[in-house]
Structures are given as structure tokens and as C-alpha cells.
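Taking it in order: structure first as C-alpha cells, then the write-up.
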Amino acid sequence: MERIYKKLVEGKFLDRPNRFVCHAEVAGEKVLCHMPNPGRMRELLFPGVTLYMTPNRKGLRTAYRVVGCEKEGRIIYLDTTRANDAAAFLIQHHKIPGWENYFLAGREVTMGDSRFDLLLGDEETGETFPVEVKSCSLSGRHGAMFPDAPTERGMKHLTHLVDMARAGEHAGLLVLVHDGNARWFLPNYHTDLSFSEEFRQGLDLLDWKACVISWTKDFLMPETVRLIPTSKEALDKEMGNAGDYMIILQLEEDKTITVGSLGDIHFPKGFYVYVGSARKNLDQRIAHHRALRKRRHWHMDYLRSACRFVGAIPIRTREDLEHKLAHALSEIAGWTIENFGCTDCRCRSHLFGFAENPMHERDFVKIEEDFEINRLDRYF
């Protein structure tokens, strides 16, 4: 069995100063590690989570490179710089169902203004075709979604592949799903609507595979993979510029704010999560809440003027989940601002306070996972 890394060490995740590095505890010492996966990975990286790392060569700023982590007892592969090696290994050893008769004809192949990860060939016909590889670490109870952050590069390559397929050429997409529990795959339309719409357009044109890999802590090259399906019904019913959202703000000091017809309200310092919905123009609604200079219309507009914008989480759907989402947040919030944002419903509030940034808290991320991913299990 082929090893990807000569040496591996275990550590505990501490924090992540930026997308490219994290701090870990190794043998009682705090060390700086390179993070080769620029995705958000908020559902994976909590303090104390076990990390798997390989030592970097001496002289580099970071002592280790993170290659994986544990999630509820499962190993999740994180090293996107080596994912193409795993894909190439699977092709070379004919381990991908449906592609057993192809061989690896090349890597990093330039076609037009794109460079694709792999080139596959057919010895009998002499045909070759490009394959782009995507490494998927975002998963829920049974589902996996890609990407976990907007991907301009991924969009460019996918558009090129779909254009080739429309012209009658053979073009491939390989999604490596790194959670062994995954039973289905969907493009992550919550986070990157454009990529997901392009995937839906190319669904019947591309030669695409979503392959589940069950990793061990040795990170040996995978000996088997399992294909999982997608759902046109889920994409057609759920995907679009409509749905619900959470806006996360930070108030840096206690403050009394006049909120329209609600009058003066005392807001303790901390983080606030506002739940809203937009049955159309969801992205435009979120952009409105992000902006500071605007005519005040909603309760949220008054609070926004006094707060730092932290983040926005869209949940794209044609269902009305706003009130269910508000109820779920009320169960974990530190405090609630009564009657805020809910004058047209029976909810107690649509604004919830937290002492720390909830985007890094397990309970909050679990709610996000349930509404974005786990709810879609019913389509499979």
C-alpha cells in the first residue's frame, strides 16, 4: 500500500489566524502550521479537534502542514495540494467505477486559457479528454457539498468543461468526497450559486463522478472508492436567489439604540444573529444588510448602523424556514431582543445575542448544517 506522507504527527487544533495557517498543540507545544486548504472549514475546525500533520522542511515559517482532521470519529482529508495525486492514483489503478478502461495520459494539461488537473486516455480509440478534480470536505449527516467558499477558479474551469461538452467533446469532472459517511453529493448553491447553476447545466453533458473515500489516520492511497449520486429534483426545487438568511453583527460596547417603532432598546455588547427571509432577490437583501449607508426600513437597519458586519449565511430554498430557524437559534442564544424583526409573525424575536462569535461555536454550526445540508437527505 502506497503512503502519501513519510511521517505523520497528531496535534490539537487551537485557532486559525487566517486561511493559510493555524495554531496547533503538538506534544504540549504551540506550533504554527500551514493550512493547504483555503476553505472555511468552520464545521471541522473547533478547539481541541485532532489534526494530522506532516513535518515541513527546515527553514520554513511553519513547522507542519495539516493533512487531515477528525470529525465524529471519522478522518477527513484536508490537503488539497495532494488531492490530485490521489485522483491520479485512482485512475492509474483503474479504481473509479465507469472509468476503469481509461489511463492517465497527462497532468496539468493546458487547453485554451484553462489548465486542467488530469488528462485521461483510451488505448483502444486514442481519445483523450480533460478532467478537473475537486476536493470536497464539507459534509453533513449523509450529504456532501462543494465548494465551501466561492471559487472563481472552479467556476472558470467548470464553464470551460461545460462549453466543451456542449460542443460534443468529452469532458470530465471528478469530485473526491473525503467523508466516508457521505451518501449523496450536491453543488453548494448556498455558498456559490453561479458554480452550482453551471453544474446543473452540465449535469447531463459532463462525464462526472462523485467518489467517496474512507480515509484512515495513516493516509494511505485509497484502495477503493464508492460513487454517490446527485439529485436534479433537489437542485430544481431548492436552488435559486431566494430563501432565508442569517446576518452576524458585532456590537463592541453596550449601547441604547432607537429602533423605529420599537423605540429605545438597550443592546449588551456581543455578537448578534438576525434571521430574515427573501422570497426573491436573496443576494440583494443580504447586500442591503451589509451596507451602512441606506434608508432605514427594517429593524435590522437601525442595529446595523451601530455594529460591525461579521458575516452572512444564505440558506437557499423555496420553503419558508425563517421561523424554524429563529426557533432553533433561540434554543442556543445567550439572550434575545424581544419583538425585534418579527412584527409580522408569532415569533418571540428574530434577533439573538451571543457573548462570542457564534460562527465558531459547535451548536451554531450544527444548526447551519441541519438547514443547509441535513434537510436535503429527503431527496435521496
Side-chain angles (χ1 to χ4, degrees), residues 13-18 22-23 40-49 190 243-278 282 285-315 320-372:
F13 176 80
L14 297 176
D15 59 40
R16 191 180 184 189
N18 61 54
C22 74
H23 288 114
R40 66 179 190 180
M41 295 186 289
R42 289 192 292 105
E43 75 288 351
L44 296 173
L45 300 178
F46 299 103
V49 161
H190 303 294
D244 306 290
Y245 58 88
M246 293 183 283
I247 302 294
I248 299 90
L249 304 176
Q250 182 183 16
L251 184 65
E252 296 182 345
E253 60 183 8
D254 292 1
K255 196 166 188 178
T256 297
I257 302 171
T258 302
V259 180
S261 61
L262 295 181
D264 292 344
I265 298 177
H266 177 71
F267 291 86
K269 71 175 182 179
F271 292 83
Y272 287 87
V273 179
Y274 173 73
V275 176
S277 66
L282 175 62
R285 178 68 61 82
I286 291 174
H288 171 89
H289 290 316
R290 182 186 294 270
L292 271 175
R293 294 184 179 180
K294 59 197 172 190
R295 182 175 63 86
R296 295 174 181 177
H297 176 70
W298 288 289
H299 291 166
M300 178 63 169
D301 296 338
Y302 295 88
L303 178 62
R304 171 69 183 99
S305 65
C307 292
R308 181 177 73 87
F309 189 92
V310 176
I313 299 174
I315 300 170
D320 184 1
L321 301 175
E322 180 182 12
H323 312 301
K324 292 181 180 179
L325 186 57
H327 176 74
L329 286 171
S330 72
E331 297 288 303
I332 67 167
W335 64 92
T336 298
I337 303 299
E338 298 285 341
N339 302 317
F340 192 102
C342 60
T343 54
D344 59 348
C345 69
R346 294 183 178 181
C347 294
R348 179 183 172 191
S349 180
H350 280 196
L351 183 68
F352 307 95
F354 298 82
E356 303 294 335
N357 186 347
M359 297 180 76
H360 303 301
E361 299 295 326
R362 285 182 184 271
D363 288 345
F364 179 86
V365 174
K366 182 61 169 61
I367 290 173
E368 183 183 355
E369 177 188 303
D370 283 342
F371 280 82
E372 288 186 345

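Sequence positions, counted from 1, serve as the residue numbers for this chain. Because only heavy atoms are used, hydrogens play no part in the values below, and waters and symmetry mates are left out as well, while side chains stay in.
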Counting only heavy atoms not in Glu253, do more than 12 sit closer than 6.0 Å to its CD atom? no
What do you reckon, is CD of Glu356 surrounded by more than 12 foreign heavy atoms closer than 6.0 Å? no
When you look at Phe267 and Leu249, which way does the side chain to side chain contact (heavy atoms under 4.5 Å, CB included) test go after all the steps? CA-CA 12 Å; Phe267 291 86; Leu249 304 176; over 6 Å; no
What distance separates [X] [atom1] from [Y] [atom2], expressed to the nearest 0.5 Å?
{"X": "Leu329", "Y": "Leu351", "atom1": "CG", "atom2": "CG", "result": "10.0 Å"}
{"X": "Lys255", "Y": "Asp264", "atom1": "NZ", "atom2": "CG", "result": "12.5 Å"}
{"X": "Asn357", "Y": "Ile248", "atom1": "CG", "atom2": "CD1", "result": "7.5 Å"}
{"X": "Glu331", "Y": "Ile367", "atom1": "CD", "atom2": "CD1", "result": "8.5 Å"}
{"X": "Phe309", "Y": "Arg290", "atom1": "CZ", "atom2": "CZ", "result": "4.0 Å"}

Passing candidate, side-chain hydrogen bond (donor to acceptor under 3.5 Å, both in side chains) with Arg42, options His360, Glu368, Glu369: Glu368
Test: Lys269 and Glu252 ion pair at under 4.0 Å: no
Derivation of the side chain to side chain contact (heavy atoms under 4.5 Å, CB included) call for Met359 and Phe271: CA-CA 10 Å; Met359 297 180 76; Phe271 292 83; over 6 Å; no
Within the side chain of Arg304, is there an N or O that forms a donor-acceptor pair under 3.5 Å with the backbone of Leu292? no
Is there a donor-acceptor pair closer than 3.5 Å between any side-chain N or O of Asp244 and the backbone N or O of Leu321? yes
Please report the shortest heavy-atom distance between [X] and [Y], naming the atom on each side.
{"X": "Ser349", "Y": "Ala326", "value": "O-CB, 4.0 Å"}
{"X": "Glu372", "Y": "His190", "value": "O-NE2, 2.9 Å"}
{"X": "Cys22", "Y": "Pro17", "value": "CA-CD, 3.9 Å"}
{"X": "Glu361", "Y": "Phe46", "value": "C-CE2, 3.8 Å"}
{"X": "Arg285", "Y": "Ser277", "value": "NH1-O, 3.0 Å"}
{"X": "Cys347", "Y": "His323", "value": "SG-ND1, 3.4 Å"}

Could you walk me through whether Ser330 and Arg348 pass the side chain to side chain contact (heavy atoms under 4.5 Å, CB included) test, one step at a time? CA-CA 9 Å; Ser330 72; Arg348 179 183 172 191; over 6 Å; no
Among Leu325, Leu282, Val275, whose side chain to side chain contact (heavy atoms under 4.5 Å, CB included) with Ile315 holds? Leu325
Apply the side chain to side chain contact (heavy atoms under 4.5 Å, CB included) test between Ile265 and each candidate in Thr256, Ile257, Ile337; give the one that qualifies. Ile337
Is any side-chain heavy atom of Ile247 closer than 4.5 Å to one of Ile286? yes
Heavy-atom side-chain proximity of Leu262 to Tyr302 below 4.5 angstrom: no
After noting the C-alpha distance and the side-chain angles of Ile332 and Phe364, does the key distance pass the side chain to side chain contact (heavy atoms under 4.5 Å, CB included) rule? CA-CA 8 Å; Ile332 67 167; Phe364 179 86; 4.1 Å; yes
Between Tyr245 and the options His350, His288, His289, the ring pair (Phe, Tyr, Trp, His ring centres under 6.0 Å) test singles out His289
Quick check on the 6.0 Å ring-centre criterion: do Trp335 and Tyr272 meet it? yes
